[in-house]
Amino acid sequence: MGDVILKVEGITKTFPGVTALDDVSFDIRSGEVHALVGENGAGKSTLMKVLAGLHKPDAGEIIYQGAPTQVAGPLDARRKGILLIHQELSLSPELSVAENIYLGAWPTNRFGVLKKRELRRHAASALDALGCGFGPDTRVGTLSVAMQQMVEIARAEAFNANVVIFDEPTASLTDTEKDQLFQTIRGLKARGVGIVYISHKMNEIFDITDRITVLRDGQVQGTVDTAETDLNQVTRMMIGRTLDTYFIRAKAEFGAEVLRVEGLSKAGVFRDVGFSVREGEVLGLYGLVGAGRSEVVETVFGVRKADSGKLYWKGGEIALPSPRQSIDMGMALVPESRKEQGLVLMMGGRENTSLPHLGLFSSVSIMNRPKELAVFEKYRSALSIKTTGPDQAVSQLSGGNQQKFVLAKWLCADPKLIILDEPTRGIDVGSKSAIHELIADLAQKGLAVIVISSEMPEVLGVSHRVLAMSEGAIVAEFEGDAMTEENLIDAVSHHRDDAAA
Amino acid sequence: MGQTINGLLRRHGLALAFLVFLGVVALNADAFLSPGNILDVLRQVSITGMMALGVTFVVLTGRLDLSIGSLLTLLTVIVVDQHNIAGPFPAIVMTLLAGLAVGAFNGVLVGFVGLNALIVTLAMLSFLQGLVLLYSGGSNVNVANAQETWFAVFGRGDFLGLPVPVILFLVGAVIAGVVLQFTTFGRRVYGVGGNETASVFSGIDARWTVFWTYVVSGFTTGVAAVIMGSRVMGAQNTIGQGYELTVLAGVILGGTSLLGGSGSIWRTVIGISMLGFIQNGLLLLGFPYYVQWLVTWAVIIIAVWIDLGAKRGRIFA
Ligand SMILES: Nc1ncnc2c1ncn2[C@@H]1O[C@H](COP(=O)(O)OP(=O)(O)OP(=O)(O)O)[C@@H](O)[C@H]1O
Ligand SMILES: [Mg+2]
């Protein structure tokens with residue numbers, strides 16, 4: 001580990017009603033991977049946005065390469081060699097890879113005309129350095145999430161970055177993609193780049209980082225060497241107590257069948273999908289990102305159309321429903337992407353929570369505000385959501401707290417079947433086990449639950465039965481002792497090999 | 001965050017500029033702040049304002065209605081003409097129904113067929129202007145018995161010292177405000193405008209929601225046409241020309257976002273009133289009437305610039 005390359009001292013940042021950062025001091029050395037951990041809303045993203053010039057701190061100093069520095073904005077930060085890779089990717093899907101790498105800093109000649117050839121050449125060499133499998137002309141919208149992330153990382157090469165900040169980079173990556181990312185990170189590290197790594201996945205933290213700084217309610221709890229600490233100590237610093245690492249599974253007492261799907265197909269997306277789920281049962285749906293899991297449940301819920309297939313609700317055959325009909329029957333879908341599908345970002349928690357159930361929260365079309373407020377307060381405390389009030393726009397909440405409102409809006413109407421698509425993405429360890437408990441609770445109360453997750457321990461830990469999905473088809477089903485990581489990996493990868501052969 | 005504060009400053013800057021303008025006009029034209037002139041402005045504003053109430057619904061879903069200028073002309077011609085033929089009550093009913101029908105037609109094309117709102121309503125603007133000329137045969141119509149009819153009350157009447165059109169506008173504003181803030185329909189409008197995908201995932205039928213906003217817009221233009229016909233006691237073939245942009249300018253001047261999802265009726269009331277006073281002030285300062293087109297242009301550019309500026313601040317902060 002090298003010298004301190006960037007240091008912040010006494011940074012304070014307040015938003016109306018919250019102190020997001022309170023006298024924070026923190027340093028990054030060249031050639032280290034420095035973890036930043038803490039609960040949802042602890043201030044991790046805010047601190048990094050200060051470094052990247054997206055927020056102006058109320059007080060405090062940034063000392064970069066030995067000198068006090070003002071970062072005027074994101075582009076200025078990039079030019080200075082500080083690169084933030086966002087929690088939510090922020091590329092322009094319509095532009096090419098090369099244009100995105102240099103977004104806002106395109107080389108132009110003196111008439112302001114884009115120097116296309118130069119742009120391509122530079123971008124190509126940055127992509128080569130990372131070993132990316134796509135070229136500079138590819139349109140970004142056609143790339144997978146992992147590839148888009150590579151485009152962002154390519155900026156590190158392109159701008160010769162000294163500090164690279166990763167804000168929850170693995171939230172939507174498969175395991176293989178994660179391994180590739182870690183290789184890239186190790187490569188940057190070997191070149192002397194200082195890296196900040198934000199994640200709620202503790203195994204990753206212990207895998208790749210050299211030091212860990214814990215934030216809690218905007219204050220630094222301490223910095224420790226990764227080699228000299230353990231999960232318990234870090235958890236205690238984060239949330240003030242330790243956590244049980246085992247999963248709680250609901251008792252296996254099943255009632256009547258709630259939903260059965262037969263022969264559901266959509267050309268090019270999924271084919272001949274069939275499964276059923278009973279009251280009190282947690283059905284896991286495992287598969288790599290892109291296996292078609294989300295598409296299947298979105299079709300069952302009614303936001304997508306199928307070519308063919310049959311649906312049975314509580315034993316009776318029904319036509320493929322509209323989302324409205326699904327909700328009224330008692331189906332709930334916590335979608336995969338909270339910003340696009342889950343929330344109206346300008347609305348507060350109160351309005352987001354009641355949005356799918358306007359009928360329940362009104363009489364003769366007049367909204368019942370006291371009821372809305374009561375439900376809002378109930379879930380705010382049940383899920384310990386950090387927000388300044390019922391009408392604070394959810395766009396201002398931390399990623400994890402946004403996710404909690406997506407859960408709240410679907411739990412509040414007592415569904416019969418709840419489908420959870422990556423329910424713990426971006427959620428801190430404490431709340432994560434709270435959500436696992438909640439899943440067990442719901443099943444115990446007689447709900448049917450379907451959980452989609454790319455985290456194997458999670459699917460295996462909470463489910464009674466797991467379906468493995470690969471390339472649009474269900475390839476295996478495991479129950480009881482057969483539910484092991486080996487079997488799942490086997491099922492998913494064998495099928496892939498078969499398909500390739 | 002810095003950008004948002006910047007945006008706030010710019011917003012207040014606009015209010016400040018408006019106050020300065022009021023001061024300048026008041027100093028140079030004594031009549032400006034006289035009760036008579038203020039009531040005149042409000043009377044004028046009640047027509048654009050009534051239309052703006054409906055347009056606010058449309059804009060809140062992130063869409064536009066530019067057809068209302070010609071629609072105002074058509075409906076005013078209808079109300080005046082039918083007044084002569086069938087009497088005031090049937091004329092009003094027919095006008096409102098015609099407004100609803102045109103709104104529904106726009107609503108089907110934008111909401112259900114999914115065509116671009118700008119194109120659909122711009123084409124409708126042109127189509128309705130043609131329809132006006134077909135209907136009227138190119139001649140202007142006047143109310144035959146202007147002195148006797150109770151129809152005059154909507155545009156010219158007074159009640160408790162306030163002009164009836166102003167009262168109609170205020171009552172309309174209260175109703176529209178209540179619908180937007182307190183009803184499930186209002187919530188759906190904000191939902192669809194704020195994030196259409198998330199609303200669909202929440203079981204909201206965006207198509208119907210959009211459809212109904214156009215119906216509302218057609219209806220409020222119908223009410224505006226009744227006021228207009230009653231006030232002028234006649235209808236020229238171009239009487240509503242340019243109203244679509246004036247109304248839009250008023251809505252966005254109030255701060256309702258063209259991107260959808262944020263804004264409100266009281267903002268529209270403020271925006272459209274500010275616009276009314278600006279145009280009246282310029283006339284009193286001796287500018288020819290057509291500078292109002294330039295003002296509309298400037299207001300649209302400035303308001304949209306502030307809107308997008310604030311949005312960008314929010315997105316990047
Ligand atoms: N633009 C903003 N306006 C108002 N409050 C904000 C804004 N951005 C962040 N906050 C608040 O600051 C606090 C810290 O948020 P931050 O996003 O830094 O949390 P985080 O540690 O990254 O959490 P997560 O793990 O959930 O991503 C939160 O309470 C959040 O609501
Ligand atoms: Mg964060």
Side-chain angles (χ1 to χ4, degrees), chain A residues 13-16 20 46 49 53-58 72-74 90 298 301-303 321-328 331-347 351-352 354-359 361-369 372 393 395-396 406 409-410, chain B residues 1-9 59-62 112 175 177-209 212 255-264 267 307 309-317:
Chain A
K13 172 78 196 171
T14 56
F15 295 109
T46 305
K49 284 178 185 168
L54 289 160
H55 286 323
K56 266 199 183 49
D58 304 337
S90 54
E298 283 170 18
F301 184 71
V303 285
S322 71
R324 183 74 262 154
Q325 289 166 331
S326 301
I327 296 169
D328 292 342
M331 213 191 283
L333 170 64
V334 173
E336 185 180 21
S337 142
R338 59 178 165 257
K339 288 207 165 164
E340 279 81 44
Q341 304 165 331
L343 295 168
V344 180
L345 290 173
M346 303 174 215
M347 285 183 172
E351 293 185 326
N352 268 298
S354 61
L355 198 64
H357 325 288
L358 293 176
F361 282 92
S362 65
S363 43
V364 286
S365 288
I366 303 289
M367 293 301 298
N368 182 343
R369 197 175 284 243
E372 277 188 292
S395 62
Q396 298 180 348
V406 184
K409 80 185 247 192
W410 288 111
Chain B
M1 194 63 194
Q3 301 221 20
T4 321
I5 288 171
N6 199 352
L8 277 175
L9 272 179
V59 172
L60 278 174
T61 68
F112 287 91
I175 294 174
V178 166
V179 167
L180 273 181
Q181 298 310 316
F182 299 110
T183 68
T184 54
F185 175 62
R187 203 59 73 75
R188 285 195 285 269
V189 168
Y190 280 104
V192 168
N195 184 343
E196 195 161 330
T197 309
S199 298
V200 170
F201 270 77
S202 301
I204 290 171
D205 197 325
R207 299 168 305 176
W208 277 106
T209 309
W212 283 114
T256 293
S257 169
L258 280 181
L259 303 177
S262 88
S264 65
R267 284 182 171 282
D307 180 23
K311 266 284 148 38
R312 228 171 265 144
R314 235 172 288 147
I315 289 168
F316 288 135

Next on the checklist: Taking side chain as everything from C-beta outward and backbone as N, CA, C, O, which of these in A/Gln396 sits under 4.5 Å from a heavy atom of chain B? Side chain, backbone, both or neither.
Outcome noted: neither
Checklist entry - What part of A/Gln341 gets closer than 4.5 Å to chain B, counting heavy atoms only: side chain, backbone, both or neither? => result both
Checklist outcome for this item: Per-residue tally against chain B (heavy atom, under 4.5 Å) across A/Pro323, A/Gly359, A/Ser365, A/Ser362 peaks at A/Ser365
Checklist entry - Side chain, backbone, both or neither: which part of A/Ser322 has a heavy atom under 4.5 Å from chain B? => result neither
Checklist entry - Listed by chain and number, what are the ring-ring contact (aromatic ring centres under 6.0 Å, His included) partners of A/Phe361, not counting sequence neighbours? => result none
Item to check | Between CZ on residue A/Arg324 and OG on residue B/Ser202, distance to nearest 0.5 Å | outcome: 8.5 Å
Next on the checklist: Please report the interatomic distance CZ(B/Arg187) to OG(A/Ser354), rounded to the nearest 0.5 Å.
Outcome noted: 4.5 Å
Checklist outcome for this item: Residues at least two apart in sequence or cross-chain that pass salt bridge (Lys or Arg N to Asp or Glu O under 4.0 Å) with A/Asp58, listed by chain then number, are none
Checklist outcome for this item: Looking only at heavy atoms, the pair that brings B/Ser199 and A/Val344 closest together is OG-CG2, 4.3 Å
Item to check | A/Leu333 versus chain B, the contacting section by heavy-atom distance below 4.5 Å | outcome: side chain
Item to check | Contacting region of A/Arg338 [heavy-atom separation from chain B under 4.5 Å] | outcome: neither
Item to check | Pairwise distance CZ(B/Phe201) to CG(A/Leu343) - rounded to 0.5 angstrom | outcome: 12.5 Å
Item to check | Region of A/Lys339 in contact with chain B, defined by heavy-atom distances below 4.5 Å | outcome: backbone
Checklist entry - Mind checking whether A/Met346 and B/Ser257 have side chains closer than 4.5 Å, heavy atoms only? => result no
Checklist entry - Is a side-chain N or O of B/Asn195 found less than 3.5 angstrom from the main chain of A/Gly342, in a donor-acceptor match? => result no
Item to check | From CE (A/Met367) to OG1 (B/Thr183), nearest 0.5 Å | outcome: 9.0 Å
Checklist entry - Which atoms of B/Gln181 come close to chain A, meaning under 4.5 Å heavy atom to heavy atom: side chain ones, backbone ones, both, or neither? => result backbone
